[in-house]
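What follows is one structure encoded as structure tokens, with my remarks underneath.
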Amino acid sequence: MYDPLVGSTRPEREEPLARTTYVAAARRYVSAFATVIARGVPVDPGRSAHDVREWQVQDVQVLQELHEALGQMLSARRAYDAVRRHR
């Protein structure tokens with residue numbers, strides 16, 4: 001696969017590199033998700049408006065990291081799958 005910022009990769013290296021990128025992205029996602037859980041970010045709206053804790057600045061930051069990590073993982077997995085299909 002050719003990346004204009006990096007140049008071309010030898011065909012026999014494409015799949016291992018794509019897999020490594022995917023694994024790293026998946027680990028980042030798992031770490032970000034664990035941070036959301038550990039922090040106790042409230043995502044359930046509860047039964048009434050009084051049951052919900054307001055999001056704090058740090059809650060929003062960890063949710064944004066989770067969002068970015070998920071997007072990166074999805075892109076990396078799609079690239080890995082594409083390389084595997086074309087071998």
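Below, each value reflects all heavy atoms present in this structure, side chains not excepted, and no hydrogens, waters or symmetry copies.
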Evaluate the criterion side-chain contact (heavy atoms from CB on, under 4.5 Å) for residue pair R53 and D59; output intermediate values, then yes/no. CA-CA 11 Å; R53 175 173 65 80; D59 294 334; 2.9 Å; yes
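- The minimum heavy-atom distance between Y29 and A69, with the atom names listed, is CA-CB, 3.7 Å.
- Note on R78 versus D81: no salt bridge recorded, every NZ/NE/NH1/NH2 to OD/OE distance being 4.0 Å or above.
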Run the side-chain contact (heavy atoms from CB on, under 4.5 Å) test on Q58 and R39 for me, step by step, so that the C-alpha distance in whole Å, both residues' side-chain angles and the decisive distance to 0.1 Å come before the verdict. CA-CA 9 Å; Q58 295 87 355; R39 180 157 177 77; 3.2 Å; yes
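- In this structure, CH2 on W55 lies 5.0 Å from CG on L63, to the nearest 0.5 angstrom.
- Inter-residue side-chain proximity for Q61 and Q56 is flagged as unmet; no heavy-atom pair is nearer than 4.5 Å.
- Note: F33 CZ to M73 CE = 10.5 Å, rounded to the nearest 0.5 Å.
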Could you give the side-chain donor-acceptor pairs of residues 18-27 under 3.5 Å, partners two or more places apart or in another chain?
residue : atom : partner : partner atom : Å
T20     : OG1  : P16     : O            : 2.9
T21     : OG1  : L17     : O            : 2.9
Y22     : OH   : R77     : NH1          : 3.3

T35/E65 under side-chain contact (heavy atoms from CB on, under 4.5 Å): CA gap, chis, key distance, verdict: CA-CA 9 Å; T35 301; E65 169 61 20; over 6 Å; no
